[in-house]
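Reviewing the structure listed below.
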2 protein chains.
Amino acid sequence: MKQDGRLARMIHVIVHMGLLDGRETSETIGRMLNTHPVVVRRTMGMLKASGIVGSESGRGGGWKLLRTLDQITVLDVQRALSETSLLPPGISGDHPACPVERATNAALIQAFARAEEVLSDRFSELSLSAIAAAALAGE
Amino acid sequence: MKQDGRLARMIHVIVHMGLLDGRETSETIGRMLNTHPVVVRRTMGMLKASGIVGSESGRGGGWKLLRTLDQITVLDVQRALSETSLLPPGISGDHPACPVERATNAALIQAFARAEEVLSDRFSELSLSAIAAAALAGE
DNA sequence: TTTTTCGCAACTTCAATTGTTACAAAAAAG
DNA sequence: CTTTTTTGTAACAATTGAAGTTGCGAAAAA
């Protein structure tokens with residue numbers, strides 16, 4: 001499948017919006033991401049459902065942050081974009097009753113769950129204001 | 001993209017072969033995994049290139065383990081199947097010069113690298129004999 | 001009423017694994 | 001030497017999920 005770049009793209013957008021502190025239209029954001037405005041609406045819609053951004057129709061409308069950057073973590077954005085596991089272990093379901101398959105899947109699931117915990121912990125302590133600061137510092 | 005189930009499938013196969021300690025044809029393994037023999041050859045070929053299994057053509061041929069289960073780790077199998085990163089961070093490349101995009105990508109890459117380290121460490125200490133033992137214990 | 005903008009449905013495109021067909025090569029059996 | 005079994009490989013269709021695109025409706029301001 002094509003790689004999922006939504007997390008990186010949405011963080012990029014939110015940090016820009018936080019730094020500019022203004023409204024942006026899907027058209028403007030689309031140019032920022034080199035993509036189609038409809039893709040922007042589709043993805044930003046998920047952030048809206050999680051209360052990270054709001055939108056307004058009509059002239060003068062667009063997207064607006066509902067929180068400041070230090071009130072948004074990478075984990076917030078990630079959760080808004082995906083209901084499923086962050087790291088799918090890629091288990092097999094060829095013979096559900098086979099004890100070897102079961103033990104294999106269990107071992108993989110457990111290993112991925114540990115790694116996911118590390119990733120989630122890091123994401124939860126990484127605020128978008130920290131990324132904004134790093135960008136301004138020119139790292 | 002479609003989910004990659006090769007790691008789980010190959011571990012499944014190797015554990016079975018280690019427990020039976022015999023040769024298996026692609027046909028037999030294909031039935032074990034509910035898949036086509038050509039898919040088996042394709043994937044097992046990667047394990048062969050890494051020296052985990054060997055193969056012989058012709059009548060009476062097939063696939064054979066070149067190491068015992070306690071000499072094969074999940075990491076060995078994973079590395080045999082993929083040259084690329086275990087956990088691709090899904091960065092964006094829309095505006096390579098934008099400092100916000102760069103800071104975002106850097107933060108994600110670092111976070112995923114930490115998680116990958118945890119996963120690799122676990123995989124390196126998880127031998128296929130441990131999975132075999134768990135399967136026999138009926139967990 | 002016109003213009004701007006989000007919202008949404010219905011495609012096409014794209015990348016990666018999986019599945020399938022066909023055929024060559026090797027090795028044992030007869 | 002021919003037949004049978006089995007790997008090896010090339011080529012292509014099927015599948016899955018994200019990304020891109022088109023078209024139209026709804027809302028809100030000018």
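Just so we're on the same page: letters track the sequence lines, and every chain starts at 1. Bear in mind that the values here come from a model prediction, so they are computed numbers and not experimental data.
- Residues A/Ser120 and A/Leu75 are in side-chain contact: their nearest non-hydrogen atoms beyond the backbone lie under 4.5 Å apart.
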Inset, instruction - Could you please spell out the steps behind the side chain to side chain donor-acceptor pair (under 3.5 Å) verdict for A/Asp121 and A/Ser124? - result: CA-CA 5 Å; A/Asp121 285 354; A/Ser124 71; 5.0 Å; no

Enumerate, atom names and distances included, each donor-acceptor pair closer than 3.5 Å involving a side-chain atom of residues 6-18 of chain B, sequence neighbours excluded.
unit_1, atom_1, unit_2, atom_2, d
B/Arg6, NE, B/Asp4, OD1, 3.1
B/Arg6, NH2, B/Asp4, OD2, 3.1
B/Arg9, NE, A/Asp94, OD2, 3.1
B/Arg9, NH2, A/Asp94, OD1, 3.2
B/Arg9, NH2, B/Leu33, O, 3.4
B/His12, NE2, B/His16, NE2, 3.1

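- Inter-residue side-chain proximity for A/Val77 and A/Leu47 is flagged as met; some heavy-atom pair is nearer than 4.5 Å.
- A donor-acceptor pair under 3.5 Å links the side-chain atoms of B/Gln71 to the main chain of B/Thr68, judged by distance alone.
- Between A/Glu101 atom CD and B/Met32 atom CE the span is 10.0 Å, to the nearest 0.5 Å.
- Contacts between residues 36-44 of chain B and DNA chain C, defined by a heavy-atom separation below 4.0 Å, involve B/His36, B/Val38, B/Val39, B/Arg42, listed by number.
- In this structure a side-chain-to-backbone donor-acceptor pair under 3.5 Å is missing from B/Asp76 to B/Ile52.
- C/dT5 atom C1' lies 14 Å from atom CZ of A/Arg31, rounded to whole Å.
- Counting side-chain heavy-atom gaps under 4.5 Å among Ile, Leu, Val, Met, Phe, Trp and Tyr, the cluster of A/Ile109 also holds A/Ile91.
- Atom OG of A/Ser55 is separated from atom CG of A/Leu66 by 9.0 Å, given to the nearest 0.5 angstrom.
- A heavy atom lying under 4.0 Å from DNA chain D marks the following residues of residues 46-68 of chain A, by number: A/Ser57, A/Gly58, A/Arg59.
- Atom CD1 of A/Ile29 is separated from atom C1' of C/dC6 by 11 Å (rounded to the nearest Å).
- In this structure, B/Arg6 atom CZ and C/dG19 atom C1' are separated by 14 Å, rounded to whole Å.
- Inter-axis angle, ends of the helix from C/dT1-D/dA30 to C/dG30-D/dC1, five pairs per end, rounded to 10 degrees: 10°.
- Counting to the nearest Å, the P atom of D/dT7 and the CD atom of B/Glu27 are 9 Å from each other.
- The shortest distance between the side-chain N/O atoms of A/Ser26 and the OP1/OP2 oxygens of C/dT5 is not below 4.0 Å.
- Of the residues in residues 7-15 of chain A, those placing a heavy atom less than 4.0 Å from an atom of DNA chain D are A/Arg9, in numerical order.
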Legend entry - Pair B/Trp63-B/Thr25, side chain to side chain donor-acceptor pair (under 3.5 Å): steps then yes or no: CA-CA 6 Å; B/Trp63 302 91; B/Thr25 66; over 6 Å; no

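- Side-chain contact between B/Leu136 and B/Leu19 is present, with at least one heavy-atom pair separated by less than 4.5 Å.
- To the nearest 0.5 Å, atom CD of residue A/Glu24 and atom CZ of residue A/Arg31 are 10.0 Å apart.
- Within the nucleic acid shown, A/Gly45 has no heavy atom closer than 4.0 Å to any nucleic acid atom.
- Annotation: side chain of B/Leu69 is not in contact with side chain of B/Ser127 (no heavy-atom distance under 4.5 Å).
- Rounded to an integer number of Å, the gap from A/Asp94 CG to C/dT18 C1' is 11 Å.
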